[in-house]
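Below is one structure, written out as structure tokens, with a few remarks after it.
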Amino acid sequence: TGAISSLQRQMEIQESELRRIKSEKELLQKQLREREIQLQAVSDKFCSLTEEQRQGEFVAMVEEENRSLHQIVTEQESQLSEQSKFINELQTTINRLRAEVVNARLHILEQKQTQKEIQSLADTLQHKALQTRMALEHITCKFERYRNKIIQATFSVEGSQDPPGELTDNEVLEAMQKIINERTEFQQRLKNRSSK
């Protein structure tokens, strides 16, 4: 936004300069037209003089004035040419600045769109993270209930001793495996006795 404001200020300065130059150009063109009218008047006057008058002092003065007017006209035409060139350069600069402003605005719009997409993605990820956390808590709760049931079943067997403290998962599995093995062995004995 700062870059756009700076470009717009530069463009306003260039446009103001362009208006000033155009105004000067119009003034020079007006002066040029006036000089051309004067030159034409002098030329008409010179043409209307008689042969004798042309040989006098007045002819020399008119010719001098004619040369002076020609020089002024040439200078003003040169100034007009330079100012036209400068106006074209200013116009080119203004067009370039306008293009930069448009590009900067497009870039800002693209950044806003990207930011919006990133925000939407972040919201989606946050929602998924919340769902995952809730699912994890649910699974953890079920696992703890299952673990407690295993501990209760394992250490409520007659003859088993209460655990000395907090059990690890491996200790629970080992105790459970021991009970399973003992029951399997006991069932096998019962089968052997019944068969006998």
Quiz item: Is any side-chain heavy atom of Arg133 less than 4.5 Å from a side-chain heavy atom of Glu137?
Solution: yes
Quiz prompt | Asp123 and Gln119, any side-chain heavy atoms less than 4.5 Å apart | solution = yes
Practice problem: Answer yes if the side chains of Asn170 and Glu174 hold a donor-acceptor pair under 3.5 Å, and no otherwise. | Solution: no
Quiz item: Just how far is it from atom CD of Glu77 to atom CG of Leu80, taken to the nearest 0.5 Å?
Solution: 7.5 Å
Quiz item: Transitively linked via ILVMFWY side-chain contacts under 4.5 Å: Tyr146 with Ile180?
Solution: yes
Exercise. Walk me through it: do Arg67 and Glu64 pass the test salt bridge (Lys or Arg N to Asp or Glu O under 4.0 Å)?
Key: CA-CA 5 Å; Arg67 278 194 299 274; Glu64 181 62 33; 2.7 Å; yes
Quiz prompt | Atom pair OG/NZ of Ser84 and Lys22 - distance to nearest 0.5 Å | solution = 10.5 Å
Quiz item: Is Thr140 reaching over with its side chain to a backbone N or O of Leu136, donor-acceptor style, under 3.5 angstrom?
Solution: yes
Practice problem: Check for a donor-acceptor pair, side chain of Thr114 on one end and backbone N or O of Glu110 on the other, with a separation under 3.5 Å. | Solution: yes
Quiz item: Counting only N and O atoms by type, is there a donor-acceptor contact under 3.5 Å from the side chain of Ser78 to the main-chain atoms of Thr74?
Solution: no
Quiz item: Got a donor-acceptor contact below 3.5 angstrom from the Ser16 side chain to the Glu12 backbone?
Solution: no
Quiz prompt | Gln83 side, atom CD; Asn88 side, atom CG - distance, nearest 0.5 Å | solution = 12.0 Å
Quiz item: Under a single-linkage definition using a 4.5 Å side-chain heavy-atom cutoff for Ile, Leu, Val, Met, Phe, Trp and Tyr, are Ile94 and Ile87 assigned to the same hydrophobic cluster?
Solution: yes
Quiz item: Heavy-atom distance under 4.5 Å between the side chains of Met134 and Leu130, does that happen here?
Solution: yes
Practice problem: Give, for atom CG of Leu18 and atom CD of Glu89, the distance between the pair rounded to the nearest 0.5 Å. | Solution: 11.5 Å
Self-check item: Gln76 side, atom CD; Glu34 side, atom CD - distance, nearest 0.5 Å
Solution: 9.0 Å
Quiz item: Can you tell me if CD on Gln126 sees more than 12 non-hydrogen neighbours from other groups inside 6.0 Å?
Solution: no
Exercise. Answer yes when Arg189 and Glu185 have at least one side-chain N-carboxylate O distance shorter than 4.0 Å, and no when they do not.
Key: yes
Quiz item: Between Ile21 and Leu90, what is the shortest heavy-atom contact and its length?
Solution: CG1-CD1, 4.3 Å
Quiz item: According to a 4.5 Å side-chain heavy-atom criterion applied to Ile, Leu, Val, Met, Phe, Trp and Tyr, with indirect links allowed, do Ile13 and Leu97 form part of one hydrophobic cluster?
Solution: no
Exercise. Consider only side-chain heavy atoms of I, L, V, M, F, W and Y, link residues closer than 4.5 Å, and tell whether Leu32 and Ile72 are in one cluster.
Key: no
Self-check item: Path from Leu28 to Phe86 over hydrophobic side-chain contacts below 4.5 Å
Solution: no
Quiz item: Hey, are the side chains of Thr124 and Lys128 touching, using non-hydrogen atoms and a 4.5 Å cut-off?
Solution: yes
Quiz item: Should His107 and Gln111 be marked as a side chain to side chain contact (heavy atoms under 4.5 Å, CB included) after you check the CA-CA gap, both sets of side-chain angles, and the distance that decides it?
Solution: CA-CA 6 Å; His107 185 61; Gln111 283 185 329; 3.2 Å; yes
Quiz item: Rounded to the nearest 0.5 Å, how far does CD of Gln29 lie from NZ of Lys25?
Solution: 5.5 Å
Practice problem: State, with a plain yes or no, whether a side-chain heavy atom of Lys85 is found less than 4.5 Å away from one of Glu82. | Solution: no
Quiz item: Hey, is Arg20 close enough to Glu24 for a salt bridge, meaning N to O under 4.0 Å?
Solution: yes
Quiz prompt | Asn95 side chain near Arg98 side chain, heavy-atom distance below 4.5 Å | solution = yes
Quiz prompt | Glu26 bridged to Lys30 by N-O distance under 4.0 Å | solution = no
